[in-house]
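Down below is the structure, laid out as structure tokens.
Chain naming here is simple, since letters A, B, ... match the order of the sequence lines and numbering starts at 1 in each.
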Protein chains: 2
Amino acid sequence: MHTVQVDSDGLVACASVGYEPGSARWWIQRSDLERRRRPRLGGLSTERIIGAALDVLREDGLDALTVRAVAERLGTSNASLYRHIASRDELIALIGDHVMGDIRIERTGRGWRADIEVLMSEMRRVILDQPLPDAAGRNMHGYGPNMLRFVNAAVTAFDSAGLTRAEAVYTTIAMIELVAGAATIQRSRSGRSPSGVPAGAGFDELLDRLPPDDVAALRETGDVYLSAPVDAVFAHSMAIFLDGVTSRLPASH
Amino acid sequence: MHTVQVDSDGLVACASVGYEPGSARWWIQRSDLERRRRPRLGGLSTERIIGAALDVLREDGLDALTVRAVAERLGTSNASLYRHIASRDELIALIGDHVMGDIRIERTGRGWRADIEVLMSEMRRVILDQPLPDAAGRNMHGYGPNMLRFVNAAVTAFDSAGLTRAEAVYTTIAMIELVAGAATIQRSRSGRSPSGVPAGAGFDELLDRLPPDDVAALRETGDVYLSAPVDAVFAHSMAIFLDGVTSRLPASH
DNA sequence: ACCTGAACACCGTTCAAGT
DNA sequence: ACCTGAACACCGTTCAAGT
């Protein structure tokens with residue numbers, strides 16, 4: 001049982017019926033809504049809101065991304081945004097897919113492995129490019145037009161490698177899982193305190209306080225765990241994944 | 001330049017000097033702090049706070065996890081919690097590592113691959129077990145005692161497989177990236193609207209609205225993308241990863 | 001159809017005052 | 001050393017009233 005707010009024009013009613021932001025139905029509803037708009041000169045638009053949100057994100061960081069801050073940057077009241085987005089979660093879902101739109105999708109002509117390498121690197125790049133709210137990552141798998149375009153490109157590439165369609169889909173999901181996880185982990189691995197202290201500083205001292213048996217291997221390799229360059233780690237993760245896919249290909253002769 | 005709040009007992013001063021929650025230095029500071037406590041009968045403790053937070057999380061979900069809600073469940077004022085945790089972020093970091101403590105770490109005796117399979121499945125299980133705040137995932141890689149124990153177990157297993165120490169460390173990070181990403185994506189894949197609509201409902205209609213060339217492969221395999229069972233997807237991701245690791249092992253004869 | 005000031009019901013966090 | 005009521009500075013969101 002839903003109580004639906006009905007505005008005089010019924011727009012808000014539509015926007016708040018309650019599909020989960022990022023879900024397929026929600027994206028459908030969204031495109032309907034955008035089509036029904038009658039933009040004013042110098043007025044707001046979803047596009048301008050996303051742009052302002054990305055500005056806030058890049059300049060002042062994740063914590064500063066509030067509806068109020070976005071409104072201020074646009075020179076309007078925060079209440080005005082709610083004519084274009086039904087909630088902060090919607091804004092975040094929109095940002096998530098918008099960012100995926102920066103991915104360059106093109107075949108390399110050098111085979112499926114090179115194609116997938118580019119797709120993975122591109123996805124990682126756009127995620128790391130700005131401090132995305134985690135919730136955007138949560139919806140990143142989602143059903144936005146840019147994400148679906150990306151998924152389609154990956155499925156196509158795995159298809160051309162010789163996988164069955166079903167396996168190409170599964171493999172694409174695995175690829176997305178890995179890149180999403182890698183970006184998240186990298187972000188925290190390279191994090192530092194406000195005071196500038198790297199997250200791993202004092203690692204040896206920390207190990208000394210733990211039961212020796214619990215961290216025996218780490219004692220011998222702690223510096224590797226700490227100082228492994230993030231790009232090298234990603235390259236290695238990607239290589240494992242691609243080698244795994246290769247080993248599952250039907251014998252190619 | 002820091003302005004440090006100094007309480008009469010100096011405790012709060014210590015807790016707020018500003019290491020990033022989840023960082024190595026922060027965990028060191030934490031264990032010092034806990035050691036200096038003089039608990040009262042029936043009083044609060046970090047442990048009780050974490051327990052209450054997990055209760056809130058499991059019963060009322062992620063959005064309900066507020067400092068105030070945790071305090072209410074403990075029958076105290078929210079201000080009281082700040083004697084044991086310096087911020088909500090600290091609480092989340094503590095939860096993140098606490099959850100990793102549920103992982104059963106034991107050798108299977110059936111080789112490195114079986115050992116790693118267990119570790120991956122266990123990590124996935126504890127992450128999915130409750131709706132963890134994303135920020136906990138962000139810190140999950142971190143330097144908590146339980147996480148380090150887990151990392152150590154994985155490095156040890158890869159070591160026994162024949163990888164060099166450095167490669168074992170890199171491979172462990174890749175493993176964590178994959179499992180963290182897989183859990184995140186699964187959570188959103190199986191999400192539904194408050195009204196109970198699955199996130200993927202209406203997928204075909206959505207594809208119809210996109211440029212046909214952008215989603216050609218998905219049109220043919222959309223149902224697989226939608227209905228792939230989450231457990232099967234994870235098993236497949238894990239198999240790719242393990243096959244990849246295997247293919248990178250030094251020839252074993 | 002769009003925009004807005006003012007308000008509502010929350011947050012996390014602080015601090016003086018208590019035991 | 002620990003706990004707490006009350007307050008502060010925010011949030012996201014709503015709504016009546018304006019154009």
Side-chain angles (χ1 to χ4, degrees), chain A residues 3-16 18 21 32-49 53 56 60 62-72 74-93 133 135, chain B residues 3-16 18 21 32-49 53 56 60 62-72 74-93 133 135:
Chain A
T3 55
V4 176
Q5 307 292 340
V6 179
D7 197 336
S8 58
D9 50 24
L11 236 190
V12 169
C14 278
S16 64
D32 285 345
L33 244 64
E34 292 292 346
R35 205 174 297 131
R36 216 177 306 161
R37 290 205 180 285
R38 256 159 275 280
R40 283 187 194 172
L41 209 78
L44 282 177
S45 70
T46 304
E47 220 169 313
R48 285 190 63 211
I49 292 174
V56 172
D60 304 320
L62 183 53
D63 290 342
L65 183 67
T66 66
V67 175
R68 285 171 139 95
V70 174
E72 192 179 10
L74 290 165
T76 53
S77 95
N78 52 334
S80 301
L81 302 198
Y82 285 89
R83 183 139 298 265
H84 298 85
I85 53 165
S87 69
R88 184 174 183 268
D89 277 354
E90 287 204 0
L91 174 57
I92 287 174
Chain B
T3 55
V4 175
Q5 307 291 342
V6 178
D7 198 334
S8 58
D9 49 23
L11 235 189
V12 169
C14 277
S16 63
D32 285 345
L33 244 64
E34 292 292 348
R35 207 174 295 132
R36 215 177 306 163
R37 291 205 179 285
R38 256 159 275 278
R40 284 186 193 171
L41 208 77
L44 282 177
S45 70
T46 304
E47 219 170 314
R48 284 190 63 211
I49 292 174
V56 172
D60 304 321
L62 183 52
D63 290 341
L65 184 68
T66 66
V67 175
R68 286 172 138 94
V70 174
E72 192 178 11
L74 290 165
T76 54
S77 95
N78 51 334
S80 301
L81 302 198
Y82 285 88
R83 183 139 296 266
H84 298 85
I85 53 166
S87 69
R88 183 174 184 267
D89 277 354
E90 286 204 0
L91 174 58
I92 288 174

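In this structure, B:I85 places its CD1 atom 10 Å from C1' of C:dG12, rounding to the nearest Å. Rounded to an integer number of Å, the gap from CG of B:L33 to P of D:dC2 is 9 Å. The nearest whole Å value for the distance from the CG atom in B:L91 to the P atom in C:dT13 is 10 Å. As rounded to whole Å, 7 Å separates atom P of C:dC2 from atom CZ of A:R38. Note: OH (B:Y82) to C1' (C:dA16) measures 18 Å, nearest angstrom. Between B:R83 atom CZ and C:dC15 atom P there is a gap of 13 Å when expressed in whole angstrom units. When rounded to the nearest whole Å, the span between CD of A:E90 and C1' of D:dG12 equals 13 Å. Remark: P of D:dA1 and CD of B:E34 are 14 Å apart, rounded to the nearest angstrom.
Taken together, the paired segments of DNA chain C that extend over three or more consecutive Watson-Crick or G-U pairs, each closer than 3.5 Å at both contacts, are C:4-8 with D:12-16, C:12-16 with D:4-8.
Of all the heavy atoms in B:V67 and B:L81, the pair that sits closest is O-CD1, 3.7 Å. In terms of heavy-atom proximity, A:E90 sits nearest to A:P21 at CG-CG, 3.9 Å. Contact detail for B:A69 and B:T66: the closest heavy-atom pair is N-OG1, 2.9 Å. Contact record, A:I49 with A:H84: CD1-CB, 3.6 Å, taken as the closest heavy-atom pair.
Remark: B:R37 CZ to B:R83 CZ distance equals 8.0 Å, nearest 0.5 Å. Separating the CD atom in B:E72 from the OG atom in B:S77 is a distance of 11.5 Å, to the nearest 0.5 Å.
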Contact letters for nucleotides 6-11 of chain C, in which S counts primed atoms plus P, OP1 and OP2 and B counts the base, heavy atoms under 4.0 Å: -B---B
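Phosphate proximity of C:dC2 to A:R37: present, with a side-chain N or O under 4.0 Å from OP1 or OP2. Between B:S80 and D:dT4 there is a side-chain polar atom (N or O) within less than 4.0 angstrom of OP1 or OP2.
Among the nucleotides C:dA1, C:dC3, D:dA1, the one closest to any side-chain atom of A:H84 is C:dC3.
By the 4.5 Å heavy-atom criterion applied to side chains, B:L33 and B:T46 are not counted as neighbours.
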